[in-house]
Structures are given as structure tokens and as C-alpha cells.
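Here is how names work: the chains are called A, B, and so on, in the same order as the sequence lines, proteins then strands, and each is numbered from 1.
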Amino acid sequence: MTQSKYKSDFLHVMEERGFINQCSDVEGLDKKLCEGVQSAYIGYDPTGPSLHIGHLYTVMMLHWFQQCGHKPITLMGGGTALIPDPTLKDKTRPLLSPADIETNVESLKQVFSKFLTYGEGPTDACMVNNYDWLAGLDYIEFLRDVGMHFTVNRMLTFESVKTRLDRELPMTFIEFNYMILQGYDFVQLHRRYGTVFQMGGSDQWGNIINGVELGRKMDRAELFALTAPLLTTASGAKMGKTEGGAVWLNADMLSPYKYYQYWRNVEDDMVGTLLRRFTLLPVAEIEKLEALQGQEINEAKKILAFEATRLCHGETAAQEAQATAQNVFEQGVAGTDLPSISIAESRLAAGVFVIDLFVETELAGSKGDVRRLIKGGGAKVNDGTVTDEKQTVSTEDLTPDGYIKLSAGKKKHALAWVESP
RNA sequence: GGAGGAGUGGCAGAGCGGUCAAUUGCACCUGACUGUAAAUCAGGCGACUUCGGUCUACGGUGGUUCAAAUCCAUCCUCCUCCA
């Protein structure tokens, strides 16, 4: 294990797990964290009902923060979600209704609870909503107190603003204000909870540092910022997408099996980074796994997939997912955890077009999609390649266990079970 | 308020009266090779289809034409310059 240059447990962990990208004042922060229990927050926009793995590494930061004896705060941007964030996407994102946001906040708390312990204790996590202080703001007062401290000159230099302007894309005033409100959040967190520390992804650096500066200007507060490197694949693309879309952390939006498969299929070069960031395995153990070469890396990927799934969906779900993956890929048989549909026995007896089953199991998006799959030789029924578009299956195709296995390509499989009368 | 310019498939970006379901790149899917990896090569990439076709699409709505993404009118949105 490498000798840490940090005194505080937390920074030590962040360092060895690769979470440190930029920090406003490492020494100061290190010292602060050694003084006693601190609270730190990360902001999340409740713009969707779940988190995906793009959010996950920040949640892990909070997780470790709590493990190191501090208090994590999840800040819900209930107020800022009413305002579009000007980042990345060139288009202004649609405004959400307050009711949607409230539903999302509730749903998100469930997800966070898998990684953080909420409660009333000194190091228990808590969830706050910036709607509480943003909703009632008086415009004039706000401009005088907060707007005073921002120069447009500086705001224009921020990456999110610059790219928009450079590309001659519109940015509305409401979006332009986003960063001010985010900075103001830090001030409020400090005033209300004594929070001196904010973390986030490196894309949030500008916003976070705004808060640090605003706190100093308004309250002479000493605030700290830490960002983690954004997750990109070894080939440079942003991580977190699968064929179906985002890799959600909710089981009802993405099954544990698929979640497991996502991790199982990551690029070789990512395994070490991901193990450090998304599992709780001791670093020493991770270092051993990182040393694996060639085909052996698959072993590391299995561990990554298992550990990541266990953390998010629990031991049982992880074992089931792993067992299914093993059955499917190593034994060549079906596993119970595969996506399934049920089909009435009477319907099956009459014969069902294979094409329809592929659509119903969502292995393909449309009938035309299945036809293409068949033409390309990627469609299989019970591991036999489908060659005829009009091929049907009936009760005779059922395996002894009472299902039909469908495959789209080598990795995507689904089962159609007969519905017992 | 005035003058120009632009709105095309997930994104970028061609087309500017028929041969356009729309060039191309990225992304994505499948096949081959492999290690459920990467790279590479090949094919595919609106929906439905009795595979002959049918339908829906180029900001919205009307119109001209045998025929429109392409022309005209109008509305909406955005950009640039001027006041």
C-alpha cells in the first residue's frame, strides 16, 4: 500500500481509490477533516426517478465520507431543477413541474439509502432540498446580497457558458443563473448545517468553486471543494450507457442481471479504476486483480460485476445474477435471472411467430428489427439459429424446464415461459 | 423596430421540384476474429408487410404542381448585424 500524504482517513481513501481530480485547498481540508466530524454535500438534480452509474461515483464519495466518520448530505436540487442546467447538452432542457420533482426526490432517497445510512445521528446521512431556501427568495434582495458578488466577465469564462456561446447556441438567462444558485446553495448549507465541504464530478468544478468563493465573500467562511475525475471509458466515451439506455441503479428500471452484465462487459483497461471506485474491496486486493493479464482479466471483471451488483442490489440478487451469467455464458444453459415473459399455453400450442416473441421479450425493438437480426444470423431459439423469418415455435420447442430461450446476438438472452393454466 | 440567415432521422451535417425513407461522419445493432475485452474487417440501422408493396417522416399550418424536404404564403423558434 502506498504511503499516504494525507493525515485524514477520508482523503487517504479518496487518493488511493482515484477520486481526486481537483481540490481547492488540500492541506486545509486535510486538517479540517482531522479536527472532528464534518459534513460534506453533493448536489443532485431530481430530474429523473432514479440515479444511473454516471451519478454513482459521487455517491461512493459520500459513502466513504460516512465510513470515515463524517456526515454526508445529499442535496436535492428541488429548486434548481426548476431551472435548466446549461451543461453538456446544447439544448435547453425542458422544465419540470414541482410535482414531478417531488416524486423524483422520494424515489431518489430509496436509491441513496443503498449506499448511505440516513438517520438523526451525528454521522448519519441527511437529505436536504434547496427548494427550501430558493423558493422564497426575494429577487431584489437576492440580487443585492448575492448578485453583487458575481461578475458577468467571470461567468462568461465558464466552460458551460463558453461552449454554448462559441457554438452560437442560445443560452437563456434562466440557465445563466444556474451557477449563481448553485453557489448560493453552498452558502446556505454552511449557514444551516455548518457544512464546509462540497464534492462532485470534475464537470462541477466551476459551480463548486463559485460556492467556495461566494461563502468567503458573504460570510468570510472557509469552504472546501473536491472533485473526482469524470468517468470515461478507456476509449474516451462517456460511461454509463447500455443498449437500452442509461445504467440505472433501480432494479425496476434495470434488472440486477443486466446491471451485473454491464460491469462484466467493461473494457479491460477500466477494470482497475472501476474496482477502486465502485467496490468496497480493499485496495491491496484490487492491486492484485489489476495485475492480471489477458484472459485472466475476466476473473477481475467477474469480481467487479459481483461486488458492484452486491453493493447496489444486495447479496442475494448479486448471487443470482452471477449464477445466471455463469449458466448462460459458461455452461450454455439458461439462467432463471434472464429477462422473461410468459405466454399462454393455448397460444403457444397454436404456434407463435418467432418474430413476435423477439419483440415481446424486447430483444428487438420492432418486427423489422427482428427480421434484420435474422438476416444477420443473430437470432437464436434454444441456441439454434433462426433462418426463416416465418419460423414459429410451439409447445414442442419448450425445454424440459418449460421455457423457450431466445437470443439476440451472443450476449442478449430472454426466456419465454408457458403460463400454467 | 429594421436588415439578413437558419430550422432535416439519436447527434453532427448534405440535399434545394421527380431516380429521396433522404449522401456522409459519429453513435448504435448483427456477423467474423476473440477472452462475455479492445482493435480490425463485413453487413445493417423509420414502421408495417401476404415481401409485391403500404404507411408515417425533413419546425407548424395552408397553397402552387401530375409530383415538394425542395417553390409560394403564413405562423412559431433560433442566430447574426443595425437602431
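Rounded to whole Å, the distance from CZ on A:F358 to C1' on B:C48 is 19 Å. Counting to the nearest Å, the C1' atom of B:A47 and the NZ atom of A:K367 are 11 Å from each other. The interatomic distance linking A:M270 (CE) with B:U36 (C1') rounds to 17 Å, in whole Å. A:D369 has its CG atom 10 Å from the C1' atom of B:G44, to the nearest Å. When rounded to the nearest whole Å, the span between CD of A:Q331 and P of B:U36 equals 13 Å. Taking atom NZ on A:K411 and atom C1' on B:U34, their separation rounds to 11 Å, with Å as the unit. Between the CG atom of A:D268 and the C1' atom of B:G35 there is a distance of 8 Å, rounded to whole Å. Atom CD1 in A:I297 sits roughly 12 Å away from atom P in B:A37 (whole-Å rounding).
In this entry B:G1 has B:C82 as its Watson-Crick or G-U wobble partner, both defining distances falling under 3.5 Å. Base-pair partner of B:C71: B:G63 (Watson-Crick or G-U wobble, both distances under 3.5 Å). Partner assigned to B:G9 is none, using Watson-Crick or G-U wobble distances below 3.5 angstrom. Across every strand in view, B:A21 sits unpaired, with no contact that passes the Watson-Crick or G-U test at under 3.5 angstrom. B:C58 is unpaired under the criterion used here, namely a Watson-Crick or G-U wobble arrangement in which both key atom distances are under 3.5 Å. In this structure, B:G31 forms a base pair with B:C41, meeting either the Watson-Crick or the G-U wobble geometry with both donor-acceptor distances under 3.5 Å.
Within the 4.0 angstrom heavy-atom criterion, base atoms lie near A:K301. Using a 4.0 Å heavy-atom cutoff across all strands shown, A:Q261 reaches at least one base atom of the nucleic acid. Looking at heavy-atom distances under 4.0 Å, A:A325 makes contact with a base. Using a 4.0 Å heavy-atom cutoff across all strands shown, A:R372 reaches sugar-phosphate atoms only and no base atom. A:G365 comes within 4.0 angstrom of nothing in the nucleic acid, heavy atoms only.
A:E299 has a carboxylate O that lies under 4.0 Å from a charged side-chain N of A:K302, or vice versa, which qualifies the two as a salt bridge. Ion pairing between a basic and an acidic side chain is recognised when a charged N comes within 4.0 Å of a carboxylate O; A:K301 and A:D268 show such pairing. The residues A:R372 and A:E389 are annotated as not salt-bridged, no charged nitrogen and carboxylate oxygen being separated by less than 4.0 angstrom. Taking the charged nitrogens against the carboxylate oxygens, A:E307 and A:R310 do have a contact shorter than 4.0 Å, which makes a salt bridge.
Comparing B:A3 with B:C55, their P atoms sit 43 Å apart, to the nearest whole Å. To the nearest whole angstrom, the two C1' atoms, one in B:G7 and one in B:G60, are 12 Å apart. Using P as the reference atom, B:G59 and B:U54 are 25 Å apart when rounded to the nearest Å. Spacing between B:U8 and B:G2 at atom C1', rounded to whole Å, works out to 30 Å. Nucleotides B:C28 and B:C11 have their P atoms positioned 15 Å apart, rounded to a whole Å. For the P atoms, the distance from B:U65 to B:G1 is 35 Å, rounded to whole Å. Spacing of C1' atoms, B:G9 relative to B:C45, comes out at 11 Å, to the nearest Å. Straight-line distance between the P atoms of B:A21 and B:G53: roughly 13 Å, to the nearest whole Å.
For A:S366 and B:C48, the shortest distance from a side-chain N or O to OP1 or OP2 is below 4.0 Å. Phosphate proximity of B:U49 to A:R371: present, with a side-chain N or O under 4.0 Å from OP1 or OP2.
Closest to the side chain of A:K390, out of B:A37, B:U50, B:U36, is B:U50. Relative to the side chain of A:N265, the nucleotides B:A37, B:U30, B:U49 differ in distance, and B:A37 lies closest. Considering only side-chain atoms of A:K410, the nucleotide from B:G31, B:U36, B:G35 that sits closest is B:G31.
Map A:A379 and A:D356 each onto its nearest nucleotide of RNA chain B; the residue landing nearer the 5' end is A:A379.
Inspection of the A:N207 and A:Q204 side chains reveals an N or O donor paired with an N or O acceptor under 3.5 Å. Residues A:T324 and A:Y260 bring no donor and acceptor atom of their side chains to less than 3.5 Å of each other. When only modelled atom types and interatomic distance are considered, A:T195 and A:H190 share no side-chain donor-acceptor pair under 3.5 Å.
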